[in-house]
2 protein chains.
Amino acid sequence: MNKLKQKISEKTIERLSIYRRYLKDLQKNGKDRVYSHELAQLVSGTAAQVRRDLMQVGSNGCSSKGYEVSMLIDEIAKLLDCSEKQNIALIGVGNLGRALLGYFSGSRENYDIVALFDNAPDKCGRVICGKRCYSMNQLTEIVKEQKISTAILAVPAEAAEETAQNLIDAGIKAILNFAPRHITTRSRVFIETLDMTKALEKAIYFSRKNT
Amino acid sequence: MNKLKQKISEKTIERLSIYRRYLKDLQKNGKDRVYSHELAQLVSGTAAQVRRDLMQVGSNGCSSKGYEVSMLIDEIAKLLDCSEKQNIALIGVGNLGRALLGYFSGSRENYDIVALFDNAPDKCGRVICGKRCYSMNQLTEIVKEQKISTAILAVPAEAAEETAQNLIDAGIKAILNFAPRHITTRSRVFIETLDMTKALEKAIYFSRKNT
DNA sequence: TTCACGCTGTGTAATATTTCACAATTAAAG
DNA sequence: CTTTAATTGTGAAATATTACACAGCGTGAA
Ligand SMILES: NC(=O)c1ccc[n+]([C@@H]2O[C@H](COP(=O)([O-])OP(=O)(O)OC[C@H]3O[C@@H](n4cnc5c(N)ncnc54)[C@H](O)[C@@H]3O)[C@@H](O)[C@H]2O)c1
Ligand SMILES: NC(=O)c1ccc[n+]([C@@H]2O[C@H](COP(=O)([O-])OP(=O)(O)OC[C@H]3O[C@@H](n4cnc5c(N)ncnc54)[C@H](O)[C@@H]3O)[C@@H](O)[C@H]2O)c1
C-alpha cells in the first residue's frame, strides 16, 4: 500500500514472476489460499524471504489463513505489468529464434511478439508462425509504429553488439540477449543476457563438486 | 597456488567461464596479455573483482604487464574442466531441444552431447544431428555405459519434475533445466534452471523502470 | 469467553558479494 | 641509478541479500 518508492531488487522481481506463474496454476486447480512456506519451495527459499517479497507488492496476508491467491496475482500484476499489452520484437529468426517464437507467441496475457527481424533476404517479407519478418532497415520505423519496448536478441554472437546498438538507437528499452556476448552500453537500457554456455559449464563443474 | 580448498562461489564460476571464452578469442587474435580492467568490462564488474576471481584459480598476474592469456586459460581450465571430456545427455528432442543439440554439438573441447532421450516413439531409435535418440527406459543403462554426468532437460513443464528424478536415480550429477519449473530434490545433485519466461518478464519490467 | 496454535510482518542479525584503497612490484624512461 | 606510471594482490569497508526470531493477530476448539 505504501507508495514510498523503494527500488525493488532484480532478485525480487524474478521471484515475483515465479510466484505468479505458480499462483495461476493454483487458481486453475481451484486453490484459493496459499502460505508463504509453500511459495518458498518454488525458489528454494525461506518463508521469511517470500513474505518480504510480498510486502513489496503491498501484501495483505491473513494470519493463519495465508494469502488469497487471486488478490496476490492482482497485486503482482499491478507491479510487474503495464496497463497495455507490451509489444516484443524478435531479432534473428534462426534455430533458436524460431523455437522462442513458438514458445512466446500467443497465450501470454501481457505481452506478445509482434514483429520479427532478420537480415537474411529469404526470411524478410515472409510470415513465420503468424508473425511478419522485416528487414533490419525497417527496424526504427516498425519499433515506433508498433510501440515496441522490448527485444529478444537471437543473432550470431558476432552481430550481437552492433545489433543491440541498433535496437537502442531505435528506441528499445530492454533487451533479452541470447548471444554469448556481454553487451556494453552507456545508455540506460536494460540488458539481460541468458548465457547457456555459461550455465552448462557451471552445471558440469558442479556435477563433480557436489556429494 | 595455495591448495587451501575454500569453496568458490557460483558467481565466480560463471564469470570464469565468461573470462575464458573471451581469452580464447584474444588468443585467436594474437593478443597474449590482458589486464584485469579489460576482463572487468565483460561482466560489467570492477577490475578488483576480476583480480579476486583470478586469485581463486591461482593467478599469477604480473605488475604492469597484466596476465598472460595462455596461462590464464590453462589455470581456468584446470579448475573448471575435468581431465576427460564430459558426456552430456539431452532429454526432450522438441523445438528447443533440437536447437540446443545443434548449438552444443561438436566444436566444444571439454564436453559433448553423446545421447538423446525422448518418449515419443517416432523419435526413439532415430539418429538426429548425428546423435542417437534412446527411449526413456534405456536411461539408466546408457548413462552408466557412457558415463554421462550431466543432463540438459528440455521436456514439457509437466514432465520436468518426474524426469529429473529419473535422471537423478540413473546417476546424473547435474541438470541444466529449461522447463519453467523449479525442481526440488533431497539429493545433492546440482540443478540449474534457465527460466526464459522469468527473464523476459524481468526485461519487460525494467524496460519501464530505467531512464 | 479463553486458550493454544499457526501464520504474517518486520526489526535485527548473519552471511554473501562487491568495492575501496593502498602497499608492493614491475617496466620503462631519463 | 632514480623516478614515474601503471598494475597486481589483498585487508578492510561497504553494500546487498538472506535468515532468524518473535510480537501480534486470527481461527477454531473447549
Ligand atoms: N541454437 C541454440 O540452441 C542456441 C543456444 C544458445 C545460444 N544461442 C545463441 O543464439 C544466437 C542464435 O543462434 P541460432 O542457433 O538461432 O543461430 P542461427 O544461425 O540459426 O540464426 C541466426 C539468425 O540471425 C540472422 N542474422 C544474422 N546476422 C544478423 C544481423 N546482423 N541482423 C539480423 N539478423 C541476423 C540470421 O539470418 C539467422 O536467421 C547465437 O548467438 C547463438 O550463439 C543459440
Ligand atoms: N521452445 C522454446 O523456445 C522454449 C523456451 C523456453 C522454455 N522452453 C521449455 O523447454 C521445454 C521444451 O520446450 P519445446 O518447445 O522444445 O517443447 P516440445 O513440445 O517441442 O518438445 C518436448 C519434447 O519432449 C518430449 N517429451 C515429452 N514428455 C517427455 C517425457 N516424459 N520424457 C521424455 N521426453 C518427453 C516430447 O516428445 C518432445 O520431443 C518446455 O518445458 C518448455 O517450456 C522452451
Side-chain angles (χ1 to χ4, degrees), chain A residues 1-19 23 26 31-69 71-72 75-76 79 182 198 202 206 209, chain B residues 1-19 23 26 31-69 71-72 75-76 79 182 198 202 206 209:
Chain A
M1 284 310 160
N2 255 324
K3 266 299 160 224
L4 62 106
K5 269 290 173 210
Q6 64 168 321
K7 205 172 46 184
I8 300 181
S9 77
E10 285 196 33
K11 293 259 178 78
T12 293
I13 295 296
E14 292 186 5
R15 284 190 298 261
L16 288 172
S17 168
I18 292 174
Y19 300 152
L23 290 167
L26 289 185
K31 200 157 177 290
D32 63 348
R33 298 212 148 261
V34 69
Y35 297 123
S36 57
H37 65 259
E38 296 176 286
L39 293 174
Q41 292 192 305
L42 282 184
V43 293
S44 295
T46 64
Q49 184 177 58
V50 172
R51 293 198 295 271
R52 285 203 114 84
D53 288 338
L54 296 184
M55 274 175 55
Q56 309 224 3
V57 300
S59 77
N60 32 15
C62 183
S63 306
S64 68
K65 283 198 309 185
Y67 299 85
E68 196 179 329
V69 170
M71 180 167 293
L72 264 195
E75 297 287 358
I76 294 175
L79 182 80
H182 183 76
K198 178 186 82 175
K202 178 170 140 186
F206 284 108
K209 298 297 168 180
Chain B
M1 281 310 160
N2 254 324
K3 266 299 160 226
L4 64 105
K5 268 290 172 209
Q6 65 168 319
K7 205 172 48 185
I8 301 179
S9 76
E10 285 195 34
K11 295 259 179 76
T12 294
I13 296 295
E14 292 185 5
R15 284 189 297 261
L16 288 172
S17 168
I18 293 173
Y19 300 152
L23 290 167
L26 289 185
K31 199 156 178 294
D32 63 349
R33 298 211 149 260
V34 69
Y35 297 123
S36 57
H37 65 258
E38 296 176 286
L39 293 174
Q41 292 193 305
L42 282 185
V43 294
S44 295
T46 62
Q49 183 177 58
V50 172
R51 292 198 296 272
R52 286 203 113 85
D53 288 337
L54 295 183
M55 274 175 57
Q56 309 223 6
V57 301
S59 77
N60 33 14
C62 185
S63 307
S64 66
K65 281 197 311 184
Y67 299 86
E68 196 179 329
V69 170
M71 179 166 296
L72 263 195
E75 297 286 359
I76 293 175
L79 180 80
H182 182 77
K198 177 187 82 175
K202 178 170 138 186
F206 284 107
K209 299 297 167 180

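Throughout, a chain's letter reflects where its sequence line sits, starting with A, and its residues are numbered from 1.
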**Request:** Give me the residues of residues 41-53 of chain B where at least one heavy atom lies under 4.0 Å from an atom of DNA chain C, by number, or none.
**Result:**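 Heavy-atom contacts with DNA chain C come from B/Thr46, B/Ala48, B/Gln49, B/Arg51, B/Arg52.
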
**Asked** In chain order, what residues pass the salt bridge (Lys or Arg N to Asp or Glu O under 4.0 Å) check against A/Lys198, with sequence neighbours excluded?
**Response**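 A/Lys198: salt bridge (Lys or Arg N to Asp or Glu O under 4.0 Å) contacts with B/Glu14.
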
**Request:** Would you check, one step at a time, whether the test side-chain contact (heavy atoms from CB on, under 4.5 Å) holds for B/Leu42 with B/Val50?
**Result:** CA-CA 10 Å; B/Leu42 282 185; B/Val50 172; over 6 Å; no

**Asked** So which of A/Arg51, A/Arg33, A/Glu75 actually passes side-chain contact (heavy atoms from CB on, under 4.5 Å) with A/Tyr67?
**Response**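 Answer to the side-chain contact (heavy atoms from CB on, under 4.5 Å) test with A/Tyr67 among A/Arg51, A/Arg33, A/Glu75: A/Arg51.
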
**Request:** Quick one: do B/Val43 and B/Asp53 satisfy side-chain contact (heavy atoms from CB on, under 4.5 Å)? Show the steps, please.
**Result:** CA-CA 12 Å; B/Val43 294; B/Asp53 288 337; over 6 Å; no

Can you tell me if the side-chain N/O atoms of [X] get under 4.0 Å from OP1 or OP2 in [N]?
| X | N | value |
| --- | --- | --- |
| B/Tyr35 | C/dT26 | no |
| B/Ser59 | D/dG9 | yes |
| B/Tyr67 | C/dT26 | no |

Roughly, in whole Å, what's the span from [atom1] in [X] to [atom2] in [N]?
| X | N | atom1 | atom2 | answer |
| --- | --- | --- | --- | --- |
| A/His37 | D/dC20 | NE2 | C1' | 18 Å |
| A/Lys11 | C/dT15 | NZ | P | 17 Å |
| B/Leu16 | C/dT17 | CG | P | 14 Å |

**Prompt:** Would you say the base of D/dT7 and the side-chain of B/Ser64 have a donor-acceptor pair closer than 3.5 Å?
**Reply:**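 Answer is no: no donor-acceptor pair is held.
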
**Message:** Applying a 4.0 Å non-hydrogen cut-off, can you work out what B/Arg15 is touching in the nucleic acid: base, sugar-phosphate, or nothing?
**Reply:**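 It contacts sugar-phosphate atoms only.
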
Under 3.5 Å, which protein N or O atoms sit close to an N or O of nucleotides 28-30 of chain C? Give each pair with its distance.
none

**Message:** Using five base pairs at each end to define the local axes, how bent is the helix from C/dT1-D/dA30 to C/dG30-D/dC1, to the nearest 10°?
**Reply:**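 Roughly 0° between the end axes, to the nearest 10°.
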
**Request:** Could you tell me which residues satisfy side chain to side chain donor-acceptor pair (under 3.5 Å) with A/Glu38, sequence neighbours excluded, listed by chain and number?
**Result:**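 A/Glu38 satisfies side chain to side chain donor-acceptor pair (under 3.5 Å) with A/Lys31 once adjacent residues are dropped.
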
**Message:** Holding to side chain to side chain donor-acceptor pair (under 3.5 Å), I want the full list of residues that pass it with A/Thr46, two or more places apart in sequence or in another chain.
**Reply:**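 By the side chain to side chain donor-acceptor pair (under 3.5 Å) rule, A/Thr46 matches no residue at all.
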
**Request:** Between D/dT10, C/dT26, C/dG6, spot the one nearest the side chain of B/Ser63, thanks.
**Result:**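 Within the option list, the nearest is C/dT26.
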
